[in-house]
Colleague: 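Got a structure here, written out as structure tokens. Questions coming.
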Amino acid sequence: MKDLLVILASSSTSHPLNRRHNNPKFKPSSLPSPVTTKITPSPTPKPPPPPPPPPSTASRPPPFSTVRWDSRASYCTSLPNTHLKYYADLASNLAKDGKFHEFLMISESVIASLTEPSEFVGLLSTELVSAGIARILREEGKVWSVVEVLRGLDKLGFGALKVFDGETERKAVARECRRILKHGGVLEAVELMETLSGFHFPIRELVESSEIVGLCMRKRDSDLAIRYACIHPHAHIVFCTIIHEFGKKGDLMSALTVFEASKQKLSGPNMYAYRTIIDVCGLCGDYLKSRSIYEELLAKKITPNIYVFNSLMNVNARDLSYVMSVYEHMRTLGVTDIYSEVQQLESRGVLKLDVFTYSTIIKVFADAKLWRMALKIKGDMLSAGITANLVIWSSLISACANSGLVEQAIELFDDMLLAGCVPNSQCCNALLHACVEGCQYDKAFRLFRSWRERGFEVNVGSNAGVEHAHGNSSGTLSNSTSKSHNLTNPRKAPFTPTTATYNILLKACGTNYLRAKALIDEMNAIGLPPNYISWSTLIHVCGGSGSVEGAVQILNSMREAAIQPDVIAYTTAIKICVERKFLNTAFILFAEMKRYQIKPNLVTYKTLLRARSRYGSLQEVQQCLEIYQEMRKAGYKPNDYYLKQLIEEWCEGVIQNDNQIETKFSSFKKADLGGPYGLLLEKVAKHLEKRNAESMVIDLQGLTKVEARIVVLAVLRMIKENYAQGCPLKDDLFIIVGVKNAAY
DNA sequence: ATAGGGTTAG
């Protein structure tokens, strides 16, 4: 074998064949035909005769003629496994030396002779092939030669080779990608990424998706944007971003094209995309299109979620009858049926809708962010002859606040003052909250200061007197004084901030920690000491200002102030650690809160699991799996999304993207997975648990062939990593195959 | 009957 390598090596550099090949008159068929070389498999391990000498090392694909290899094929079919192994070793070694043309030539010829290419692919040494690619990247930085090699590999069905494990190589590619983009080559960059993604290059590391999307936008190239989305591991999100971006540009046509593509690409309805495209219809002024999209959902018997309904109603807001028909459907779907039930009760005379019930209904819509519905209820109420009181006004302002509608909220507040209703702290807080939700932080502070200095001017005119004759009079200035004046009569009312007021202002500090700290001091000074909500908000602000240490330190300050940090305070701090990639600190805090007997909730778990987008080592995977197990025990249903991601990282590319099964390596289709990941995820998780690391029983019962393969791959990788760390498997490895699904 | 802190598909 060594001899053969020498022959091949010499032929690839200075062999006279090279000169012949460079001659345009040279024809490959003039080479001594390899078919004539007879291979006699011998019982003793004796190297088989050499494959045909490679004709070239030039950077073009080797000049094969299919016919030439076809004749060889019939003969090769009977290649015994030992010979297959020999060719695989030979090819792998050539690849390692960077002689990819020879590698491809041998591979192509062998594969042409086999019915099942994976037989040969399985025998190739991934390590050697990736070493060769790494070498080209490292020593010569030749990204494009590598890309050509990869495309060659791809053509031969080597897609599943994972060749980008090394940091250095990935950086070389990233540099090249940067360079291309700097010169405006988005198309080139996407093509590069398409090739790379077939070889499990983590393209997310290459460049921010927003940047690529932005460049595609600038070129108005929806096709390119779609191509990029398709290879992104979070295609569903990227699609939505693109749809929205086109919407912002007023380009509904492109947005719709992308929307259609997203449906093609993603399995299962994506409510997020539906919601986005409906919003975009609104942005582009085509409300009729939004209706047809909604109808498409209905035709497919897909139940829209509350966000889709909300968007649809907002987009069609001008057509109240349509909004009501949509609402009617929403009600029948059980999204919210409170109003109709209440109305029914009223019609039966069981209940008289009063200002209390109206206020409850308004709150329901306010919480669901259905502010238009909230305002509609107010209309219904006024028609029923009931006057809005302070609670109603407050709820309406809250409804706008929850949707970040500052102008609307201020308008309501002014209307309220005009109607002679005196705001209390809660009502003022609702308006401040609206400013925060609408990110108008300075406006919140300006309002606060002006209220504190001047209070409110409430209109107590004759109108107010008449209106309040019906309604509840709480929160209304006494009419007795106003009656003497027939004209509008402004009255002064004071403003009293509460702890909640300060808490909202704390949030309005954004990332300005000093401002927040000053507010905390002010609270202490005026006798409104910060409560646990104030402290959590302070943690948030501090973290936002960039100080992870400071944020963690505030947990201690809380205890000093005799306020025990609760689950939200800890979750806030953990979130900051996670965002700033202080993963160890995050896990320390997680352990600490449990020591203090504070039970993590679903939000805590989710926040913590977002810590890793890639799982580098076994330790990291196990750390996350522990959290999963804990979550399960605590009665929370783990979101498969994260676990799926984890498993993707672990199964050597058998699973790719969201729901897609890599089809190049094995000819399995998604259907083979048979429905949801549930059982599969559980099995992989169970097998990767720490305590299972030493003695191993792999139970494949109930899994399909593909699933079983995934589980086995995951376990094998764990064994490999443990071994590399010096912890070899001590006992035997048992694999239980199901009776029906004999997997291996 | 109305308010304030952590998630909300990366």
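Everything quoted here is computed from the prediction, not taken from an experiment. Below, chain A is the first sequence line, B the second, and so on; all start at residue 1.
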Colleague: Which whole-number value in Å describes the distance from A:His232 NE2 to B:dA9 P?
Modeller: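 Going from A:His232 (NE2) to B:dA9 (P), I get 15 Å.
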
Colleague: Can you say whether a donor on the side chain of A:Ser395 sits under 3.5 Å from an acceptor on the base of B:dT2, or the other way round?
Modeller: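 No, the side chain and the base share no sub-3.5 Å donor-acceptor pair.
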
Colleague: Side chain of A:Asp354, backbone of A:Thr357: donor and acceptor closer than 3.5 Å?
Modeller: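 Yes, A:Asp354 side chain to A:Thr357 backbone: donor-acceptor pair under 3.5 Å.
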
Colleague: What contact category does A:Thr499 fall into here, base, sugar-phosphate, or nothing, at under 4.0 angstrom with non-hydrogen atoms?
Modeller: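 Here A:Thr499 touches the bases of the nucleic acid.
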
Colleague: Between the side chains of A:Arg178 and A:Glu211, is the shortest nitrogen-to-carboxylate-oxygen separation below 4.0 Å, so that they form an ion pair?
Modeller: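 Answer for the salt bridge query: yes.
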
Colleague: Does A:Ser209 contact B:dG10 through a side-chain donor or acceptor facing the base, at a distance under 3.5 Å?
Modeller: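 It does, because a donor-acceptor pair links the side chain of A:Ser209 to the base of B:dG10 below 3.5 Å.
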
Colleague: Assign A:Ser359 to base, sugar-phosphate, or nothing according to its heavy-atom contacts below 4.0 angstrom with the strands shown.
Modeller: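 Base: the residue A:Ser359, judged by heavy atoms under 4.0 Å, touches a nucleobase.
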
Colleague: In whole Å, what is the span from the CZ atom of A:Phe590 to the C1' atom of B:dG6?
Modeller: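 Atom CZ in A:Phe590 sits about 14 Å away from atom C1' in B:dG6.
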
Colleague: Looking across every strand, which nucleic acid part, if any, lies under 4.0 Å from A:Thr498 by heavy atom: base, sugar-phosphate, or nothing?
Modeller: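 A:Thr498: base contact, heavy atoms under 4.0 Å.
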
Colleague: Nearest-Å distance, CG (A:Leu432) to P (B:dA3)?
Modeller: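 Taking CG of A:Leu432 and P of B:dA3, I get 15 Å after rounding.
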
Colleague: At 4.0 Å (heavy atoms only), tell me whether A:Thr607 reaches a base, stays on the sugar-phosphate, or touches nothing.
Modeller: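 No contact.
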
Colleague: Return the value, rounded to whole Å, for the distance between atom NZ of A:Lys606 and atom C1' of B:dT8.
Modeller: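 The distance from NZ of A:Lys606 to C1' of B:dT8 comes to 6 Å, rounded to the nearest Å.
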
Colleague: Regarding A:Glu630 and A:Tyr605, do their side chains bring together a donor and an acceptor under 3.5 Å, going by distance alone?
Modeller: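 Checked: A:Glu630/A:Tyr605 side chains pair up, N/O donor to acceptor below 3.5 Å.
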
Colleague: So, under a plain 3.5 Å distance rule, would you say the side chain of A:Asn503 forms a donor-acceptor pair with the base of B:dA3?
Modeller: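 Checked by distance alone, the answer is no.
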
Colleague: Measure from the side-chain heavy atoms of A:His540 and tell me the nearest of B:dA1, B:dG6, B:dT2.
Modeller: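 Between B:dA1, B:dG6, B:dT2, the one nearest the side chain of A:His540 would be B:dG6.
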
Colleague: Using whole Å, what does the distance between atom P of nucleotide B:dT2 and atom CG of A:Asn402 come to?
Modeller: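 After rounding, the reported distance stands at 13 Å.
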
Colleague: Check A:Arg275 with A:Asp279, please: is the shortest side-chain N to carboxylate O separation under 4.0 Å?
Modeller: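 The answer is yes: the pair qualifies as a salt bridge.
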
Colleague: Are A:Glu522 and A:Arg452 ion-paired here, with the side-chain N under 4.0 Å from a carboxylate O?
Modeller: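 Yes, A:Glu522 and A:Arg452 are salt-bridged.
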
Colleague: Look at the side chain of A:Asp566 and the base of B:dG5, then say whether one donor and one acceptor between them are separated by less than 3.5 Å.
Modeller: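 Yes, a donor-acceptor pair under 3.5 Å.
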
Colleague: Which is true for A:Tyr570 with a 4.0 Å heavy-atom rule: it touches a base, it touches only sugar-phosphate, or it touches nothing?
Modeller: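 Touches nothing.
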
Colleague: For A:Ser536 and for A:Ile392, locate the closest nucleotide of DNA chain B by heavy-atom distance; then report the residue assigned to the nucleotide nearer the 5' terminus.
Modeller: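 Closer to the 5' end of DNA chain B: A:Ile392.
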
Colleague: Check this for me: does the side-chain of A:Asn270 come within 3.5 Å of the base of B:dA9 through a donor and an acceptor?
Modeller: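 Present.
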
